[in-house]
Amino acid sequence: MSRDAVLVTGASRGIGAGIARRLADDYLVVNLDKAEPAKDSRAEFVAVDLGDLAATRACLAELCARHRFTRLVNNVGMSSAVPAAEVGDDIMEKSISLNLRAALLCLQAVLPAMAEAGFGRVVNMGSRAALGKELRTVYSATKGGMHALTRTWALELAGRGIAVNAVAPGMIDTELFRGANPPDSPITRKLVGAIPMQRLGTPDDVAKVVAFLLSDAASYMTGQIVNICGGLSVGAVME
C-alpha cells in the first residue's frame, strides 16, 4: 500500500489537471475522471463516471485497498447555464450527484486511512458563483452546498487531525471557459473588465493554493473558504 497518496477527482482537464500537475512532484496523485488526461500527465488515471453511484463506490473500494490516501481534492463538477424557470429534474439530479454526492463518497472512502494515520487534508472545490450568479441556479446551490459541507466536515473531523478547507475560484482561463467565452468577444472583455485585477486566473493560480492547503504549512487552518477570484468576490458585481 502506497504512502503520501492524494486522490483528485476530475483531474484530466482544466483546474483539476493544473492541480494534478502541481502535486505530482510531492505525492502519488490518482485522478478519477471520465475523460482521458493529456499524455504528459503524471497522475495514475482511473476511468469512472463519478455521477454513477455503484461505479463510484466500487472504484473507491478498489483504490483504497491499494493506496493509503491521506489527502483528497474534491474537484469534479458540472455547470449548466439555465434560467431558473427552465431547470429540469435531470439537470438537478445530475448536478447534485456529481457536485455533492461524489465528494461525500470520496470522503467516506478515505476517512478510515486518515483516521488511522491521525492526519488528513481535504480540499473541496467551491466557487465564487455560490455568492450568486445569473443562470446558475443549480450550480450556485451545489457550490454553496460544498461550502457548507466544508465547514461541517471541518468541525466533525478536527479532533482526528483532519483539516477540511475549500477554494472558490472565480473566472479561470480553462478550455471550458474559452469555449464559452471567445477572447475577442465584447462579452468576454466585459467579464474580464469586471475583475479588479483585470485578468483571468489560471489553473495554476488555483493549484498553488490547493497545494498549500494540503501541506503541513496549513496545519492550523480548517473550515475556511478561500476565494481565488482576482478580487471579484470583494464587492464587484458580475453582470
Legend entry - Flag side-chain contact, heavy atom, 4.5 Å: Leu60 against Leu7: yes
Legend entry - For Ala113 against Phe69, the heavy-atom pair lying closest together: CB-O, 3.8 Å
Inset, instruction - Ignoring hydrogens and angles, tell me if any N or O in the side chain of Asn165 forms a donor-acceptor pair with the backbone of Gln224 under 3.5 Å. - result: yes
Inset, instruction - Tell me whether Leu191 is reachable from Val206 by hopping between hydrophobic residues (I, L, V, M, F, W, Y) whose side-chain heavy atoms are closer than 4.5 Å. - result: no
Legend entry - Same cluster (ILVMFWY, side-chain, under 4.5 Å), Val6 and Ile19: yes
Legend entry - Minimum side-chain heavy-atom gap Glu36-Ser41 below 4.5 Å: no
Inset, instruction - Begin from the C-alpha positions of Asp205 and Arg199 and carry the test salt bridge (Lys or Arg N to Asp or Glu O under 4.0 Å) through to its verdict. - result: CA-CA 12 Å; Asp205 286 328; Arg199 72 168 179 89; 3.1 Å; yes
Legend entry - Nearest heavy-atom neighbours spanning Ile15 and Pro203: CA-CB, 4.1 Å
Inset, instruction - Look up atom CZ in Arg128 and atom CD1 in Ile225, then write down how far apart they are to the nearest 0.5 Å. - result: 15.0 Å
Legend entry - Heavy-atom pair of closest approach, residues Pro169 and Gly126: CD-O, 3.4 Å
Inset, instruction - Please answer whether the main-chain N or O of Gly10 pairs with a side-chain N or O of Lys34 as donor and acceptor at a distance below 3.5 Å. - result: no
Inset, instruction - Could you tell me whether the side chain of Thr142 and the main chain of Ile96 form a donor-acceptor pair under 3.5 Å? - result: no
Inset, instruction - Output the distance between atom SG (Cys106) and atom CG (Asn124), rounded to the nearest 0.5 Å. - result: 10.0 Å
Legend entry - Euclidean distance, Arg71 CZ relative to Phe119 CZ, rounded to 0.5 Å: 4.0 Å
Inset, instruction - Just do the side-chain contact (heavy atoms from CB on, under 4.5 Å) check on Leu63 and Glu44 with the steps written out, would you? - result: CA-CA 11 Å; Leu63 277 174; Glu44 176 186 335; 4.1 Å; yes
Legend entry - Cluster link Leu104 to Val123, ILVMFWY, side chain under 4.5 Å: no
Legend entry - Interatomic distance, Met125 atom CE to His147 atom NE2 [nearest 0.5 angstrom]: 10.0 Å
Inset, instruction - For Arg57 and Leu105, run side-chain contact (heavy atoms from CB on, under 4.5 Å): C-alpha distance rounded to whole Å, both residues' side-chain angles, the deciding distance at 0.1 Å, then the answer. - result: CA-CA 7 Å; Arg57 280 182 168 157; Leu105 292 174; 3.8 Å; yes
Inset, instruction - Starting at OG of Ser95, measure out to CG of Asp90 and round the result to the nearest 0.5 Å. - result: 9.0 Å
Inset, instruction - For residues Val234 and Asn227, determine if any side-chain heavy atom of one lies less than 4.5 Å from a side-chain heavy atom of the other. - result: no
Inset, instruction - Find out whether Val164 and Leu107 are in side-chain contact, i.e. whether some heavy atom of one side chain is under 4.5 Å from a heavy atom of the other. - result: no
Legend entry - Cluster check Met221, Val73: I/L/V/M/F/W/Y, side chain < 4.5 angstrom: yes
Inset, instruction - Measure the shortest side-chain to side-chain distance between Asp204 and Arg22 over non-hydrogen atoms and say whether it is less than 4.5 angstrom. - result: yes
Inset, instruction - Looking only at non-hydrogen atoms, find the nearest pair between Thr9 and Val76 and report the distance. - result: OG1-N, 2.9 Å
Inset, instruction - Inspect the surroundings of CG in Asp89 and state if more than 12 heavy atoms from other residues, nucleotides or ligands are less than 6.0 Å away. - result: no
Inset, instruction - Mind listing the closest non-hydrogen atom pair of Asp52 and Arg101 along with its distance? - result: C-NH2, 4.1 Å
Legend entry - Check: Asp33 side chain, Ser12 main-chain N or O, donor-acceptor pair, under 3.5 Å: yes
Inset, instruction - To the nearest 0.5 Å, tell me how far Leu149 CG sits from Glu156 CD. - result: 10.0 Å
Legend entry - Asp216 side chain reached by Arg121 side chain, heavy atoms, under 4.5 Å: yes
Legend entry - Min side-chain heavy-atom separation Val110-Val122 under 4.5 Å: no
Legend entry - Test item: Asn31 side-chain N/O and Ala11 main-chain N/O as donor-acceptor pair under 3.5 Å: yes
Inset, instruction - Identify whether Trp153 and Val210 are in the same connected component of the hydrophobic contact network (ILVMFWY, side-chain heavy atoms under 4.5 Å). - result: no
